[in-house]
Amino acid sequence: MERFYVTTPIYYVNDTPHIGHVYTTVAADILARFNRLLGRRVFFLTGTDEHGQKVQKAAQERGLSPKEHADIMVQNFKTLWKRMNISNDAFIRTTDKEHIEVVQKILQRLYEKGEIVKRPYKGWYCTPDERFWTEKELVDGRCPDCGRAVEEIEEDNYFFLMSKYQDALIRHIEKNPQYILPETRRNEVMGFLKSRPLGDLCISRPKKRLTWGITLPFDDEYVTYVWFDALLNYYSATRYLAPQDGEVSWWPADHHIVGKDILTTHAVYWSTMLMALDMPLPKNIFAHGWWTVDGRKMSKSLGNVVDPFEVVENYGVDSFRYFLFREVTFGLDGDFSINALVNRINSDLANDLGNLVSRCLAMARKYFDSVVPEPTLTEEEIKSLAESIVDRMKRHLETLSFQKALDEIWMLVSTLNKYIDTKQPWSLAKSPEDSSELKNIIYTILEGIRFLSIYIYPFMPESALKILSALGMEDSIKKPVLKEAKWGGLRPGTKLKKMGALFPRITKEQKKEKGKSTDEEEIVSEDNYIRIDEFAKVDLRIGKVLEAERIQGSNKLLRLIVDIGEKRQVVAGIGKAYSPEELVGKLVVVVSNLKPAKLMGVESQGMLLAAGTDNEIAIISPEKDVPAGVRVK
RNA sequence: GCCGGUGUAGCUCAGUUGGUAAGAGCAUGCGGCUCAUAUCCGCAGAGUCGGGGGUUCGAAUCCCUCCACCGGCACCA
């Protein structure tokens, strides 16, 4: 039997689930459900990543062991997936005993093959943060995260020799255009791979700093770097969570669905790891886009993080699932807003689909007492449209073009609505002699709706089941109905069941009642203003440029010495608009209390105010002569 | 800065290898129907296909250039 293996990333167990997690996971769910209907043997995997510093720290703060902490946190995801009707076949946790065994076995194998070697490693370590930084990452010689001092540490670590697979990976991507999708992401990865030599990957962390991880089998002083451990879940799950039947392996996966932020990790780290193991690469890695909310980046500080539980509570699982995949092309970024969601629900789901089902069942009830009539002929056009959709869906879903698949389905929705209008069954119902035509019409619509319900099932399983149940056929979805979707599956004589509105229209008033809205007005008033005391935190000073010179190797960075009552060295990115000579003697406005930063190795102890784009820049300068050092307010 | 991408009706976007493709959905206006969740169906708008130049018998679709925006990397306050 044909197999189909799809994965989501394993989510960091510390995270609070948001719309992004839902997006990836529902995408995988749609593929899984669709492929089951095609009669394929499906393994759909999701799970959690539970090792690493943050988990260890969070657990410590709560006075729990890391595992106890993870056991609690993992419920966030498990509950959400249940709520979202996710049909995952397994849920992997990187703390699973079996996973750990597989990871250790693989580490051992790579070590013995000489793919992992021990090397001295030099870096700057921030003790309070317990993490390493490279020279470049340092800000003013301090930890870029907390600003505290770092110490240079030299220690031995284990490296995976990733660099030697650089060329092989480039060739693989070139030969397999489907390997990384969408295309623009593949270009990025290629650009990344071709622009510079790939380094080796440090895959160990000494236990003196991090204990919450998988111990290296060949050196128990170290644990494994979390990514190395995490990526292997895709394989380890096939060894103990996938249905074990016969010799056939579930590996390689058909699709790894990931967010664009972790594409490099998958496209480069994971791919080369597999190469080193002489294992086949997955058939496809698909990086999808991000959701903004009301046009803004989602962030905790803005308070606009979309809580999936809330959306589902207010608008329903299926509406949410539908919106995510109809509104935006999978792979591009999209914008989530309650307005957009409600528009989709009302126009596509309530008006088009829901109303179609409703009017059709109503007619069947009125004209045939809710019994499926026996047709005397087949409407060939509708039949062939209905039957042909599965092929196009298949094609579109192979490249994860969910939107296009939905468009195909909605062709049938609109065709059926038109058909009803043209045939005007209500007129026929008035003249009893036309009863056979009336039967044909009603049967055609009902059967069309049966097809629709099957097609929408991967996207909206709950609604699909409601419709099928009204048609008395809810069991049919348990079989691979799309393997051979034939017109005429609906049996004449079947008693139709009553059904409420599939997708009730949402009125403006209801929308307001649905609690926390993401309506523009409120957010603007709440978040676009800062208080005067917040502004006062910015210490702006008039400064006089004393010296200016270009920073070697940089196109637009200038090093300035500015007098703001004291001499400051400021690095400014205005080298394209100003020459050093014309700057000397100029009065400028400097943010004097900006945290120092290092640019091109030169420390900048402030920032010049300037307006404009990259090429067209104007420095802000006081209109009259004022002494250097005075405060701007 | 380098690399990649985008710029098409009010909005969101489709537009294979250049030639009846200037399109869809939503929104708007008008008309029709009444089975239906004030739903459905039909018709309409005219957008110099970012600007300019070029190739061609012919370009939204190829080439050059400019502008704007986005993404990746890099030296991103």
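Protein chains get the first letters and strands the later ones, always in sequence-line order, with residue 1 at the start of each. FYI, side chains are in, hydrogens and waters are out, and symmetry mates aren't considered; it's all heavy atoms of this structure.
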Expressed in whole Å, how much space separates the [atom1] atoms belonging to [N] and [M]?
| N | M | atom1 | result |
| --- | --- | --- | --- |
| B/rU48 | B/rU8 | P | 11 Å |
| B/rA9 | B/rG50 | P | 8 Å |
| B/rG47 | B/rC11 | C1' | 13 Å |
| B/rU61 | B/rU16 | P | 11 Å |
| B/rU6 | B/rA14 | C1' | 15 Å |
| B/rC70 | B/rA24 | P | 31 Å |
| B/rG10 | B/rG51 | P | 14 Å |
| B/rA21 | B/rG72 | C1' | 34 Å |

Looking only at the side chain of [X] (C-beta and beyond, no hydrogens), which of the listed nucleotides [options] gets closest?
| X | options | value |
| --- | --- | --- |
| A/Asn417 | B/rC73, B/rG5, B/rC41 | B/rC41 |
| A/Trp426 | B/rC40, B/rC26, B/rC35 | B/rC35 |
| A/Arg505 | B/rG71, B/rU39, B/rC40 | B/rU39 |
| A/Thr184 | B/rU37, B/rC35, B/rG4 | B/rG4 |
| A/Ala501 | B/rC41, B/rU37, B/rG4 | B/rU37 |
| A/Leu502 | B/rU37, B/rG42, B/rG71 | B/rU37 |
| A/Asn351 | B/rC40, B/rC41, B/rC35 | B/rC40 |
| A/Arg196 | B/rC73, B/rU37, B/rA36 | B/rC73 |
| A/Arg359 | B/rU37, B/rC40, B/rG4 | B/rC40 |

* Structure fact -> Output row for RNA chain B, stems defined as at least 3 consecutive Watson-Crick or G-U pairs under 3.5 Å, is B:1-7 with B:67-73, B:10-13 with B:23-26, B:28-32 with B:40-44, B:50-54 with B:62-66
* To do: Taking only the side-chain nitrogens and oxygens of A/Lys418, find out if one of them lies under 4.0 Å from OP1 or OP2 of B/rC40.
  => no
Tell me what [X] touches on the nucleic acid: a base, only sugar-phosphate, or nothing, going by heavy atoms under 4.0 Å.
| X | answer |
| --- | --- |
| A/Lys366 | sugar-phosphate |
| A/Asn343 | nothing |
| A/Ser195 | nothing |
| A/Leu356 | nothing |
| A/Ala362 | sugar-phosphate |
| A/Pro425 | nothing |
| A/Tyr367 | sugar-phosphate |
| A/Gly191 | nothing |
| A/Asp407 | nothing |

* Going by heavy atoms in the side chains, are A/His256 and A/Phe286 under 4.5 Å from each other? -> no
* Asked: Does the side chain of A/Leu608 reach to within under 4.5 Å of the side chain of A/Val589, using non-hydrogen atoms?
  -> no
For [X] and [N], what is the distance between atoms [atom1] and [atom2] respectively, to the nearest whole Å?
| X | N | atom1 | atom2 | result |
| --- | --- | --- | --- | --- |
| A/Arg559 | B/rC75 | CZ | C1' | 16 Å |
| A/Asp333 | B/rG5 | CG | P | 17 Å |
| A/Arg344 | B/rA27 | CZ | P | 10 Å |
| A/Asn346 | B/rA36 | CG | P | 20 Å |
| A/Glu327 | B/rA24 | CD | C1' | 15 Å |
| A/Leu361 | B/rU39 | CG | C1' | 15 Å |
| A/Lys423 | B/rG42 | NZ | C1' | 17 Å |
| A/Asp352 | B/rA24 | CG | C1' | 14 Å |

* To do: Apply the test ring-ring contact (aromatic ring centres under 6.0 Å, His included) to residues A/Tyr315 and A/Phe323: give CA-CA distance (whole Å), side-chain angles for both, the deciding distance (0.1 Å), then the verdict.
  => CA-CA 11 Å; A/Tyr315 299 96; A/Phe323 175 84; 10.0 Å; no
* Structure fact -> Closest non-hydrogen atoms of A/Ala386 and A/Tyr455, given as atom of the first, atom of the second and distance, are O-OH, 2.6 Å
* To do: Of all the heavy-atom pairs spanning A/Pro458 and A/Arg321, show the shortest one and how long it is.
  => O-NH2, 2.9 Å
* Using the closest heavy atom to pick a nucleotide of RNA chain B for each, name whichever of A/Gly354 or A/Ser414 lands nearer the 5' end. => A/Gly354
* With nearest nucleotides of RNA chain B determined for A/Val413 and A/Asn187 from heavy-atom distances, which residue corresponds to the more 5′ nucleotide? -> A/Asn187
* Asked: Under 3.5 Å, is there a donor-acceptor pair linking the side chains of A/Tyr179 and A/Ser271?
  -> yes
* For the residue pair A/Asn440 and A/Thr376, confirm or rule out a side-chain donor-acceptor distance under 3.5 Å. => yes
* Asked: Relative to each other, are the rings of A/Trp410 and A/Tyr322 parallel, tilted or perpendicular (30° and 60° limits)?
  -> tilted
* Ring centres of A/Trp291 and A/Tyr23 under 6.0 Å apart? -> yes
* To do: Tell me, yes or no, whether the heavy-atom count around A/Lys544 atom NZ, taken from other residues, nucleotides or ligands under 6.0 Å, exceeds 12.
  => no
